[in-house]
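Written below as structure tokens is the structure these notes are about.
Residue numbers begin at 1 in each chain, while the letters A, B, ... track the order of the sequences. The shown structure was predicted, so the numbers you read here are calculated from the model rather than taken from an experiment.
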Amino acid sequence: MFKTNLIRILKTGFQNFWRNSWLSIATISVIFLTLSVITALVLLNVVSQSVVANLQNKVDISAYFHTQTPEDDILDLRKHLVDLPEVEAVNYISREDALESFREKHDDNEILMQSIAELNDNPLQASLNIKSHTASQYQGIVSFLEKDEYKSMVDKINYHQNKEVIERVSSLAANIGTGGIAASLILALMAIFVTFNTIRLTMYNWKDEISVMRLVGAGNWYIRGPFLVEGVIYGLLAALASLIISYPLLYLVSPKITSFLPEVDLLYFFEANIWQIIALLIIVGVALGCISSAIAIRRYLRA
Amino acid sequence: MIHFDSVSKIYNGNCAALEDINLRIKAKEFISLAGPSGAGKSTLLKLLICEEKPTQGKVFLDKQNLSLVKPKDLPAIRRKIGMVFQDFRLLANRTIYENVAFAMEVVGGTNDEIKQDVPQVLDVVGLADKAEYFPNHLSGGEKQRVAIARALIHRPSVILADEPTGNLDLLNTWDIVKLLLKINELGTTIILATHNREVINNLGRRVITLDKGKLIRDEEKGRYIL
């Protein structure tokens, strides 16, 4: 009997969907819009995160050492720095490297080149170029370098000159992160709310039929079942529509965004995560259709 | 079979729809429930299908106290009863065949039983050739015959008809009444609520008359007297 009922519920669900095609199209459109908003928000977060990561990547600090500091001490300090969890990379630039790059940089400035040649000694300092995972971690690294045991080696750290810029980047990154998530949540909630209300109105349309079914003696699950089936169909078709529309759209738009922001490749992100995106759209779509129907029908099923 | 034991139904604390109703209805009877609009006829029927609960007293169907029925057992009670309404209450989205089959599906009829019984019942009500029509393609009389077919299909022990001829012309009215009489002859108890004097007087069956919520007359072979 369970199997027969299940088949009947599925059949009625499909039948209702088909016979009320206009209502079905309207509901699918609303879920489709919601899913599109969610896809757009995911992609927008990808863009903002790439921009922030790129910005943070450009920030680093350099510690310059007194010229008489032995190279081994500096390399030793480098090892300690690399062990710190907040440090992503430490690049050692010896005094010779520094002189070499200085020469390359000022190749065409003869006066500068001559004065360098006249000096017997290399005036440039060895340095460690330090990159952290996020901009906010530089303060901790600087404190580490300012400890007593290293104080005598370190001449200056350019953090203090760049502090303001680093802090601005750091707070911008944090703001974009939390702001993006908050805005996404609010927009997603609004879209979900609109969908829920659309389905509630659809269900209002069915309230007389539901009361008739109850009077004929249908059990609650027998009444509810087809509506849930319909909800699932809405969700699946809306997810499909959303995928079909967003892929070619990204194909067209993504190169334009990449020409603006070279570090952002939305099409690549979309293709690389296609299964996760499909799963997200289907889960959200089906859940929206199904749960909204279940909640909306509840009031008409009370005995 | 049906027993109303000192039943009152009071809405909003002071509006009495039914007052102290004592009534016994035997199996296979044909009862006319007479009275003007607002007399309490529909309320009485609603108590039987558990759409309402009595404020006082008890209602029994087959010795089962309906006041004590839990919400999850309501469908089982309603399957014992066939209901026909003035406004037909068909499922607009389903064909005539599907409307009738639905009542069988909910009582757990198999596909074979449905395929066998639904055409038979549609034949009884004279709509075999309109099985694939939708309700909005039918006239009022035809819709009511579908409603009767639906009320009949799962072989209920009692059919409650609430003003079934209220929206019909004279010819269709008699068609419906004759159909109900035929069903009664086959052994189903019928309770027909109506304010149609002519119908009641011509039936010559038991008449229970309600007025302002009170049972004022209960006569075998009665007439519509107010």
Side-chain angles (χ1 to χ4, degrees), chain A residues 1-27 199 201-231 233-234 293 296-303, chain B residues 45-46 48-53 66 69-85 87-95 97-114 134-136 143 146-147 149-156 159-160 162:
Chain A
M1 199 64 232
F2 177 75
K3 197 179 145 202
T4 316
N5 278 341
L6 193 68
I7 292 169
R8 282 173 184 166
I9 284 172
L10 285 172
K11 191 181 151 205
T12 311
F14 277 99
Q15 217 168 46
N16 287 350
F17 174 81
W18 191 246
R19 286 184 184 166
N20 299 284
S21 37
W22 277 110
L23 208 59
S24 303
I25 289 170
T27 314
I199 292 186
L201 283 175
T202 312
M203 212 51 87
Y204 181 78
N205 200 43
W206 284 96
K207 80 179 190 337
D208 291 337
E209 299 239 332
I210 292 170
S211 82
V212 174
M213 292 179 196
R214 285 179 51 221
L215 287 176
V216 174
N220 279 353
W221 273 107
Y222 201 76
I223 299 174
R224 195 185 283 131
F227 292 106
L228 300 189
V229 171
E230 246 184 297
I233 302 174
Y234 292 156
S293 299
I297 200 174
R298 225 164 47 133
R299 57 183 302 191
Y300 303 120
L301 286 177
R302 286 194 190 119
Chain B
L45 299 185
K46 280 182 184 169
L48 273 173
I49 53 167
C50 300
E51 240 193 309
E52 301 281 357
K53 298 234 171 198
L66 297 183
V69 172
K70 294 187 184 114
K72 73 174 172 61
D73 297 323
L74 280 178
I77 298 286
R78 288 175 179 156
R79 287 169 204 164
K80 288 185 185 177
I81 300 169
M83 190 80 200
V84 181
F85 302 93
D87 54 356
F88 323 122
R89 302 212 193 165
L90 299 175
L91 302 171
N93 203 37
R94 303 191 190 208
T95 64
Y97 182 94
E98 288 163 354
N99 262 282
V100 179
F102 182 76
M104 255 188 113
E105 287 174 9
V106 303
V107 297
T110 64
N111 290 337
D112 287 340
E113 285 168 338
I114 290 174
F134 283 88
N136 58 359
K143 282 182 196 166
V146 177
R150 179 182 66 187
L152 192 61
I153 188 80
H154 58 290
R155 299 186 181 89
I159 288 182
L160 311 179
D162 189 5

Go through the atoms of I49(B) and report whether side chain, backbone, both or neither lie under 4.5 Å from a heavy atom of chain A.
side chain
Using heavy-atom distances under 4.5 Å, tell me whether I77(B) contacts chain A through its side chain, its backbone, both, or neither.
neither
Most chain B-contacting option - heavy-atom pairs closer than 4.5 Å, from N20(A), N220(A), T4(A), I223(A):
N20(A)
Looking at residues at least two apart in the chain, or sitting in another chain, which of them share a side-chain hydrogen bond (donor to acceptor under 3.5 Å, both in side chains) with Y222(A)?
E105(B)
Is the side chain of R79(B) donor-acceptor paired with the backbone N or O of V107(B) at a distance under 3.5 Å, no angle test?
no
Below 4.5 Å, heavy atoms only, C-beta onward: do L90(B) and R150(B) meet side chain to side chain?
yes
Under 4.5 Å heavy-atom distance to chain A, tell me which part of I153(B) shows up: side chain, backbone, both or neither.
neither
Scored by heavy-atom pairs under 4.5 Å with chain B, the best of N5(A), I7(A), T12(A) is T12(A)
Tell me, do L23(A) and E230(A) make a side-chain contact under 4.5 Å, heavy atoms counted?
no
Sequence neighbours left out, cut at 3.5 Å: what donor-acceptor pairs do the side chains of residues 201-209 of chain A make with other protein atoms?
from	atom 1	to	atom 2	distance (Å)
T202(A)	OG1	T198(A)	O	2.8
E209(A)	OE2	A92(B)	N	2.5
E209(A)	OE2	N93(B)	N	3.4

Proximity breakdown for R94(B) and chain A, heavy-atom pairs closer than 4.5 Å
both
Just wondering, are more than 12 heavy atoms of other shown residues or ligands nearer than 6.0 Å to CZ in R19(A)?
yes
Is it the backbone or the side chain of F134(B) that comes under 4.5 Å from a heavy atom of chain A, or both, or neither?
side chain
